[in-house]
Each structure stands twice: as C-alpha cells, then as structure tokens.
Amino acid sequence: FKNYNLQLRNMIKNKLDVNGFIFLRLEQFSNKKKLNKELILEILKNNYELHFIRQNLSLFNISDFKKNLNDLVIFDSIIKT
C-alpha cells in the first residue's frame, strides 16, 4: 500500500486533467487495518471525485465525505476485526 499511496499522492500533486478516480474497493484505502481518511480528504480537497465500485459509494466533494462519515467510521471498525 505504501508504494501505491505514494503514486496516488504524486498523481494528485501533478494536477491530472481528470474528474476523479475509480477504485474497486474502499479497502484500497486501508493500511494496517485502518482506513486512510486523510488521503480521501486530500483527494477531495483537490477537487477530484472518488468512486468505490464494491461499496457503491461515490464521494464528489467534502460535503459527501461528511455525509458518509458515519459509514466510513463503521467500515473502519469492521476492517480492524
């Protein structure tokens, strides 16, 4: 995950001309059984959308993140077990 995380951060830093990113699962944002909510927020703050196919979840902006925060916290507690 560490290398993937670095590549994704570089893509965000380089201001790619895309609307957002599509991921198969939200688990792709977990590291050591912890959801990396900071990285999700960083992506959204840079005006990119996030779409997670498996969870049928789309985050278009920080407002969507806040609306779905309870679900993300629940997901975080599930992956810890």
Side-chain angles (χ1 to χ4, degrees):
F1 178 79
K2 189 174 183 179
N3 188 33
Y4 168 75
N5 187 347
L6 183 61
Q7 290 174 341
L8 184 56
R9 286 184 190 275
N10 282 335
M11 290 169 57
I12 296 165
K13 183 179 174 183
N14 290 330
K15 302 285 185 193
L16 296 178
D17 188 23
V18 296
N19 291 333
F21 304 97
I22 300 172
F23 296 92
L24 180 60
R25 303 181 323 219
L26 192 54
E27 289 91 336
Q28 291 175 260
F29 279 78
S30 63
N31 187 16
K32 296 182 181 179
K33 297 191 174 192
K34 183 178 187 291
L35 184 63
N36 191 341
K37 293 182 284 288
E38 293 80 19
L39 180 57
I40 292 172
L41 272 173
E42 182 181 340
I43 293 168
L44 294 172
K45 285 178 182 177
N46 281 280
N47 297 315
Y48 292 112
E49 301 171 0
L50 284 173
H51 304 276
F52 302 97
I53 303 300
R54 183 80 180 228
Q55 284 78 18
N56 194 26
L57 173 66
S58 291
L59 302 173
F60 295 96
N61 50 44
I62 294 175
S63 177
D64 283 342
F65 176 83
K66 291 177 182 176
K67 288 178 192 172
N68 289 284
L69 187 56
N70 285 338
D71 291 336
L72 295 174
V73 168
I74 291 169
F75 178 83
D76 196 25
S77 67
I78 289 171
I79 62 173
K80 289 179 183 177
T81 58

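Distance check, rounded to the nearest 0.5 Å: CG of Asn36 to CD of Glu42 gives 9.0 Å. Annotation: the span from Phe65 atom CZ to Ile43 atom CD1 amounts to 11.0 Å, rounded to 0.5 Å. Rounding to the nearest 0.5 Å gives a distance of 12.5 Å between CZ of Arg25 and CD1 of Ile53. Interatomic distance, Leu50 CG to Phe21 CZ, rounded to the nearest 0.5 Å: 8.0 Å.
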**Study point:** Stepwise side-chain contact (heavy atoms from CB on, under 4.5 Å) test for Phe29 and Glu38
**Key:** CA-CA 10 Å; Phe29 279 78; Glu38 293 80 19; over 6 Å; no
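Within the 4.5 Å cutoff, the side chain of Leu69 has heavy atoms near those of the Lys37 side chain. Using a 4.5 Å heavy-atom threshold, the side chains of Arg54 and Leu26 count as separate.
Around atom CG of Asn14, more than 12 heavy atoms belonging to other residues, nucleotides or ligands sit under 6.0 Å away. Atom CG of Asn56 sits in a sparse spot, with 12 or fewer heavy atoms from other residues, nucleotides or ligands closer than 6.0 Å.
Ring geometry, Phe52 versus Phe23: the interplanar angle falls under 30°, so the pair is classed parallel (tilted spans 30 to 60°).
Across Tyr48 and Met11, no two heavy atoms sit closer than the pair OH-O, 4.2 Å. Among all heavy-atom pairs drawn from Leu44 and Asn61, the shortest one is CD1-O, 3.7 Å. Considering every non-hydrogen atom in both Leu24 and Gln55, the closest pair reads O-OE1, 4.4 Å.
Between His51 and the choices Leu57, Ile22, Asn19, Leu59, the side-chain contact (heavy atoms from CB on, under 4.5 Å) rule is met once, by Ile22.
There is a side-chain donor-acceptor pair under 3.5 Å between Asn46 and Lys15.
Ile62 and Phe60 fall into different hydrophobic clusters, where Ile, Leu, Val, Met, Phe, Trp and Tyr residues are linked whenever their side-chain heavy atoms come under 4.5 Å apart, directly or through other members.
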